[in-house]
There are 4 protein chains.
Amino acid sequence: MTKTRHHGNRHGRSEEARQAVLDAADDLLVERGFAGVTIEGVAARAGVAKQTIYRWWPSKVDILLDAFVGDMNEELTPPDLGSLADDLTTYLPMLAAFLTETDQGAVFRALAGQAQHDPAVAVRFRDECVVPLRARDRLLLERAVERGELDGDLDVEVAIDRLLGPLYYRVLVTGEPITRTFTDELVRDFLGT
Amino acid sequence: MTKTRHHGNRHGRSEEARQAVLDAADDLLVERGFAGVTIEGVAARAGVAKQTIYRWWPSKVDILLDAFVGDMNEELTPPDLGSLADDLTTYLPMLAAFLTETDQGAVFRALAGQAQHDPAVAVRFRDECVVPLRARDRLLLERAVERGELDGDLDVEVAIDRLLGPLYYRVLVTGEPITRTFTDELVRDFLGT
Amino acid sequence: MTKTRHHGNRHGRSEEARQAVLDAADDLLVERGFAGVTIEGVAARAGVAKQTIYRWWPSKVDILLDAFVGDMNEELTPPDLGSLADDLTTYLPMLAAFLTETDQGAVFRALAGQAQHDPAVAVRFRDECVVPLRARDRLLLERAVERGELDGDLDVEVAIDRLLGPLYYRVLVTGEPITRTFTDELVRDFLGT
Amino acid sequence: MTKTRHHGNRHGRSEEARQAVLDAADDLLVERGFAGVTIEGVAARAGVAKQTIYRWWPSKVDILLDAFVGDMNEELTPPDLGSLADDLTTYLPMLAAFLTETDQGAVFRALAGQAQHDPAVAVRFRDECVVPLRARDRLLLERAVERGELDGDLDVEVAIDRLLGPLYYRVLVTGEPITRTFTDELVRDFLGT
DNA sequence: CAATAAGCGAGACGGTACGTCTCGTCTTTCA
DNA sequence: TGAAAGACGAGACGTACCGTCTCGCTTATTG
């Protein structure tokens, strides 16, 4: 059965339109930056009516959140190499590359930026972007606790802040490149070796 | 001397208008957020013509940069208590309060946000906001080097990243409150005690 | 026979839906004016799907034409009092009241208005509204011809224009109220007495 | 002094923009009908920003009223041939041609149409279009009264209705062409000869 | 001590994008 | 197979700001 393109029906939205909007928003963000993502532009690029966008997303931020959440899982799988040192040594450069070099990372940074301007965005940004990312971070540390590599009394949340804070700081504030040397030092420092 | 409000003159700008614009921009940012800072709004609030703003500032970001730089010095003086441990234990909460609770901090966060959206803003943000702030951080560490409390080979820039990165991460990303416990642990960890 | 409301069947259109649409259009026209008659509004008011309207009427004008034609016969029956003078003296105020005070008249005026904007509407308006109304006018005059009260050579169409033109002019152009004095004068003038 | 094109200044509006809007509205009305006159279309055609239109005209009807009033005087000057019979015999075909064949007439008919849909438009239409046109009509009759060709007791307003009503009726309702024969008969009938 | 020229408040201008509204089409499901 | 439901592409609506411009006033030098 060749699924023909449909233009709306009784039971729910057009998945085709949804995906076209998410892709268009993503593309525009990467090509022209956050200000270049306009509802009109997304609609035109996606070949979709503005109203279709407004029907499903309250604002362009919601589109980007949707776009980010959709693809995040595929792009950043934390390693499981058997030792915390190896895992972190591998994972931190991966995370840095994800944040600075991928389209997903561009969306993350745009949302982080918008979160500074709008408290409501900040809430959604944390719930839908930061929390899932930290879940990956936590996974690594919790495996190490199970293996006995870390003290069971460790406050994992604080540990994540201390381990990854410097990395995010460079990404979002100084713009300094994140070298292997830098991440290795962070790991060494964290492990206390 | 009853200085009557003047409407321009041959040589040089009106300091009165300049200050009114900076104040209005600051107020609007705090009251209504970054999107609420419009040139028209600032002009109206400052009792100034739009053209007067455009004559001196290329964009609203430049106004905010101007406003931030002008008052920063007054608000955040690093302590000099004789020992690095004391200095840092005092300074980190000061910095956290500056970033999260003052109008200056609101401007910093707004500019950090906008820096994510616009590379040109990012450059100016780093040069005019981040660099001066880091100069304060560096001052503390360099004094400690002079006192022999820190190794002379220390890469101060990286040290700042590791010491303050977690703090900025909480401010800009997780929104988690920065407690005294948290800063004390950062200091303890940094000093390796 | 408990005729349940049906939602489509294989035996032709729903008369119930048809009447609901015509009534809703009429009501909306009277309540909110021509611009207030939207297909969506009519559908909602009639409890009918938009598509059901589009299936049977090409545009809202067609709905109004349908509504007008349907009820016209009941509202304006020309008198037959035995003399042209009496007939006209009675008929002109009736016609004026029909045009200015009844829902049917409101529909007529709306269609007349729309006829000014759209030549296609103009054609249908004349065929379906003006011609039937003039048939009533003509009836009176032709009866008078048969009775010998009017010259058989009279161009009846032109006569109608001259007799009723001033009345329509007031209705559609000046908005001046049509008094008994005015219609009586028109009749007197027409009869040349 | 060659008046340079200006883009707004302290002392009021751009006459250039005003005229461009009126012309564009007029052109669009003639080319595409009333529904084809959209604010966006007028703005695009006139090379003007939408806001410039909204600044000066509340609605498209106001633009058309403005356009009609501006040019009316040039297009329809009642004759003064010395006798009422000659004046009317000349004037009625002129008026008919004005209403049915000129761009001004198209605007008049469009406004008359819209007046049927909107009472507020009706008021303005009468004040700004009908009254000035009737002033021309009245002029002819009042000159005849002065010359003693008409009874001084004549109710001029009613006389105009009776003389011109049939003409407007054909223009707005039946669409029947207005021949010289028809106007001559109207004049003859009116003069009672 | 006038003439001059720059800065100023004011605000109209050509634009872009906003978020809303209604249009007329299309698809699905039910009776 | 007609009707209800409602998503869809399309496009005009009226608003908010953008950044540019012109204007006439004010004021501090300059000739």
Side-chain angles (χ1 to χ4, degrees), chain A residues 4-14 16-18 35 37-41 43-44 46-56 58-60, chain B residues 4-14 16-17 35 38-44 46-56 58-60, chain C residues 4-14 16-17 35 38-41 43 47-56 58-60, chain D residues 4-14 16-18 35 37-44 46-56 58-60:
Chain A
T4 168
R5 175 172 195 171
H6 81 122
H7 293 272
N9 60 49
R10 175 164 202 176
H11 298 289
R13 65 196 289 189
S14 160
E16 192 176 2
R18 181 178 174 275
V37 183
T38 65
I39 300 287
E40 303 225 317
V48 142
K50 271 201 307 180
Q51 190 54 44
T52 297
I53 298 183
Y54 283 109
R55 185 160 20 238
W56 301 109
S59 74
K60 70 175 180 177
Chain B
T4 168
R5 179 169 195 175
H6 84 123
H7 292 268
N9 60 50
R10 182 166 193 174
H11 296 289
R13 68 196 286 190
S14 159
E16 192 177 3
T38 66
I39 300 286
E40 305 225 317
V42 171
V48 142
K50 269 200 314 180
Q51 189 56 39
T52 299
I53 298 182
Y54 282 111
R55 192 169 3 250
W56 303 109
S59 74
K60 72 174 180 177
Chain C
T4 169
R5 178 169 194 177
H6 80 127
H7 290 265
N9 58 45
R10 51 191 54 184
H11 306 292
R13 74 192 282 189
S14 159
E16 191 177 2
T38 65
I39 299 286
E40 306 224 317
V48 143
K50 271 199 317 180
Q51 190 55 40
T52 300
I53 298 182
Y54 282 110
R55 194 173 353 255
W56 301 108
S59 74
K60 71 176 180 177
Chain D
T4 169
R5 174 173 196 173
H6 81 122
H7 292 273
N9 59 49
R10 157 159 225 180
H11 300 290
R13 65 197 288 190
S14 160
E16 193 176 2
R18 180 178 174 277
V37 182
T38 65
I39 300 286
E40 303 227 318
V42 170
V48 142
K50 269 200 309 181
Q51 190 55 45
T52 297
I53 298 182
Y54 284 111
R55 185 158 24 237
W56 301 110
S59 74
K60 70 176 181 175

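Naming: A, B, ... by sequence-line order, numbering from 1 per chain.
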Nearest-Å distance for atom pair CZ/P, residues A:Arg18 and F:dC8: 12 Å
Presence of B:Trp56 side-chain N/O under 4.0 Å of E:dC8 phosphate oxygens OP1/OP2: yes
side-chain hydrogen bond (donor to acceptor under 3.5 Å, both in side chains) partners of D:Glu40, counting only residues at least two apart: D:Lys50
Length of the CD-P vector between B:Glu16 and F:dT26, whole Å: 16 Å
Using a cutoff of under 3.5 Å, can you pull out all pairs of nitrogen or oxygen atoms linking the protein to nucleotides 20-23 of chain E, with atom names and distances?
| from | atom 1 | to | atom 2 | distance (Å) |
| --- | --- | --- | --- | --- |
| E:dC21 | N4 | A:Gln51 | OE1 | 2.9 |
| E:dC23 | OP1 | C:Ile39 | N | 3.0 |
| E:dC23 | OP2 | C:Ile39 | N | 3.4 |
| E:dC23 | OP2 | C:Glu40 | N | 3.1 |

Pairwise 5' ranking along DNA chain E for C:Ser59 and B:Thr52, keeping only the more 5' one: B:Thr52
D:Arg55 side chain, from C-beta outward: closest of F:dG9, E:dA12, F:dA3: E:dA12
Contact summary for A:Ala43 and A:Ala49, nearest pair of heavy atoms: CB-C, 4.3 Å
N or O in side chain of D:Ser14 less than 4.0 angstrom from E:dA12 OP1/OP2: no
Partners passing side-chain hydrogen bond (donor to acceptor under 3.5 Å, both in side chains) against C:Lys60 (at least two apart in sequence or in another chain): none
Residue pair C:Ile39 / C:Ser59: nearest heavy atoms and the distance that separates them: CD1-C, 4.4 Å
Stacked cation flag A:Arg13 on A:Trp56, 6.0 angstrom / 45 deg: yes
For the student: nearest non-hydrogen atoms of D:Ala17 and D:Ser14, plus distance: N-OG, 2.9 Å
Minimum-distance nucleotide (side-chain atoms of B:Ala49 versus F:dC8, E:dA10, F:dA4): E:dA10
Euclidean distance, atom CD1 of residue A:Ile53 to atom P of F:dA7 [Å, nearest integer]: 16 Å
